[in-house]
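Here the structure comes first, spelled out in structure tokens, and everything after it is commentary.
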Amino acid sequence: MKLSKKEEYLSEKDPKLKKIIDLNGHIVFKPKTENQFDSLVSIVISQFISTKASNSIYQKIKEHFEVENLNEKHFQKLTIKDIKKLGLSTNKAKTIKNLSEIYLNKSMGDLTKLNNDKLNDKLSSVFGIGQWSINMFEIFCIGNMDVFSSKDAGLRLAMNNSGMIKPDSNWEMYDKYAGKWSPYKSIASLHLWKTVD
């Protein structure tokens with residue numbers, strides 16, 4: 001499949017990224033705007049662990065409830081201790097409980113309709129949701145094309161491996177380097193992740 005215009009643009013901007021894009025080929029990018037609660041739970045599960053491990057836990061939780069998508073009602077009657085038993089840390093269990101309560105109170109609404117500042121305020125008010133989780137939501141649920149998170153260990157590793165940044169550099173260096181991928185930092189991120197998954 002031929003590269004998209006965005007991938008061609010990135011290849012022109014950065015020879016090091018071009019090598020990765022050529023190797024990966026075209027990556028289909030389709031944000032998942034529906035089932036936002038499910039997406040947020042999936043993002044919370046994947047904090048600080050590998051994609052493989054988080055996918056496995058996420059699948060097990062969905063199998064536990066016998067559903068395709070999780071919703072707030074699944075956690076309504078569960079305690080933090082119960083949620084933890086599904087294979088999660090105490091903090092992640094707390095975050096999911098907090099999220100389910102917010103959704104049950106109907107105080108979240110459709111997050112894709114909010115501007116950046118409002119989205120940041122709304123999500124960062126949830127226990128255990130920080131900038132990285134917000135960035136992941138912006139990429140995978142809202143489809144924002146220009147997001148890069150230097151807090152993502154996978155992205156930093158991929159950039160180190162490809163000689164873009166020296167290992168152990170400070171985070172600002174990664175952000176600065178990613179500046180050249182604008183306005184398609186999210187697409188660049190997808191290609192980088194693919195090299196380390």
Side-chain angles (χ1 to χ4, degrees), residues 24-114 118-145 147-149 151-155 157-158 186-187 189-197:
N24 288 339
H26 173 60
I27 292 180
V28 177
F29 175 52
K30 203 165 184 294
K32 185 183 157 194
T33 53
E34 320 277 291
N35 305 308
Q36 293 170 18
F37 176 85
D38 179 78
S39 295
L40 284 166
V41 169
S42 164
I43 289 167
V44 169
I45 293 168
S46 63
Q47 291 169 350
F48 314 116
I49 60 173
S50 73
T51 310
K52 199 175 167 188
S54 66
N55 285 343
S56 160
I57 296 167
Y58 174 56
Q59 289 307 329
K60 275 185 192 139
I61 295 175
K62 290 200 295 183
E63 280 163 22
H64 173 82
F65 292 110
E66 299 176 349
V67 289
E68 190 46 49
N69 290 296
L70 298 165
N71 68 50
E72 54 276 21
K73 293 193 179 89
H74 293 130
F75 301 96
Q76 188 169 11
K77 294 192 168 81
L78 300 186
T79 63
I80 289 165
K81 209 171 166 184
D82 295 331
I83 299 170
K84 205 180 153 184
K85 283 183 189 146
L86 299 169
L88 297 162
S89 67
T90 305
N91 277 350
K92 288 182 184 181
K94 269 188 192 165
T95 303
I96 291 170
K97 186 65 183 167
N98 189 204
L99 263 177
S100 70
E101 285 162 354
I102 292 167
Y103 269 86
L104 287 161
N105 293 339
K106 301 273 186 276
S107 59
M108 208 43 126
D110 182 357
L111 296 170
T112 60
K113 292 193 164 61
L114 302 180
K118 288 211 169 96
L119 179 73
N120 265 289
D121 290 349
K122 196 83 159 162
L123 286 177
S124 55
S125 70
V126 181
F127 171 86
I129 289 191
Q131 197 51 54
W132 179 84
S133 301
I134 294 168
N135 289 155
M136 295 308 110
F137 189 83
E138 287 172 329
I139 296 173
F140 294 107
C141 305
I142 291 179
N144 183 332
M145 288 288 166
V147 179
F148 171 80
S149 175
K151 291 182 170 60
D152 188 278
L155 290 177
L157 176 63
S186 304
I187 303 293
S189 298
L190 293 177
H191 278 280
L192 289 164
W193 274 316
K194 195 166 177 186
T195 67
V196 291
D197 270 352

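Sorted by first and then second residue, the pairs that involve residues 31-42 and meet salt bridge (Lys or Arg N to Asp or Glu O under 4.0 Å), not counting sequence neighbours, are Lys32-Asp38. The salt bridge (Lys or Arg N to Asp or Glu O under 4.0 Å) contacts involving residues 84-97 comprise nothing, where partners must be two or more places apart or lie in separate chains. Here salt bridge (Lys or Arg N to Asp or Glu O under 4.0 Å) pairs that include residues 126-144, with residues two or more places apart or in two chains, number zero.
Summarising the geometry, atom CE belonging to Met145 is positioned 4.5 Å from atom CD1 belonging to Ile187; distances are rounded to the nearest 0.5 Å.
Tested against Ile43, the residues Phe140, Phe137, Tyr58 include a single side-chain contact (heavy atoms from CB on, under 4.5 Å) partner, Phe137.
The minimum heavy-atom distance between Asn144 and Ser186, with the atom names listed, is O-OG, 2.6 Å. Listed here is the closest heavy atom pair of Ser189 and Leu155: O-CD2, 3.6 Å. Nearest approach of Ala158 to Leu192, heavy atoms of both residues: CB-O, 3.4 Å. For the pair Thr112 and Cys141, the tightest heavy-atom approach, listed with the atom from each and the gap, is CG2-O, 4.0 Å. Of all non-hydrogen atoms in Ile134 and Leu123, the two that sit nearest each other are CG1-CB, 3.8 Å. Across all non-hydrogen atoms, the minimal contact from Ile142 to Leu111 is CD1-O, 4.1 Å.
Between Trp193 and Ile27 the shortest side-chain heavy-atom distance does not fall below 4.5 Å. Residues Ile45 and Ile61 have side chains in contact (heavy-atom distance under 4.5 Å, counting atoms from C-beta outward).
Residues forming a side-chain hydrogen bond (donor to acceptor under 3.5 Å, both in side chains) with Lys113 (at least two apart in sequence, or on another chain): Asp110. Take His191 and apply the side-chain hydrogen bond (donor to acceptor under 3.5 Å, both in side chains) test, not counting sequence neighbours, and it matches Glu7, Asn24.
Side chains of Thr79 and Asp82: a donor-acceptor N/O pair is present below 3.5 angstrom, by distance only.
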Could you give the side-chain donor-acceptor pairs of residues 125-133 under 3.5 Å, partners two or more places apart or in another chain?
unit_1, atom_1, unit_2, atom_2, d
Ser125, OG, Lys122, O, 2.6
Trp132, NE1, Asp152, OD2, 2.7
Ser133, OG, Gln47, NE2, 2.8

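Remark: the backbone N or O of Glu68 is paired with a side-chain donor or acceptor of Lys62 at under 3.5 angstrom. At distances below 3.5 Å, not a single donor-acceptor pair connects side-chain atoms of Ser56 with backbone N or O atoms of Lys52.
Using the six-membered ring where Trp is involved, Phe65 and Phe75 have ring planes that are perpendicular, over 60° apart on the 30 and 60° scheme.
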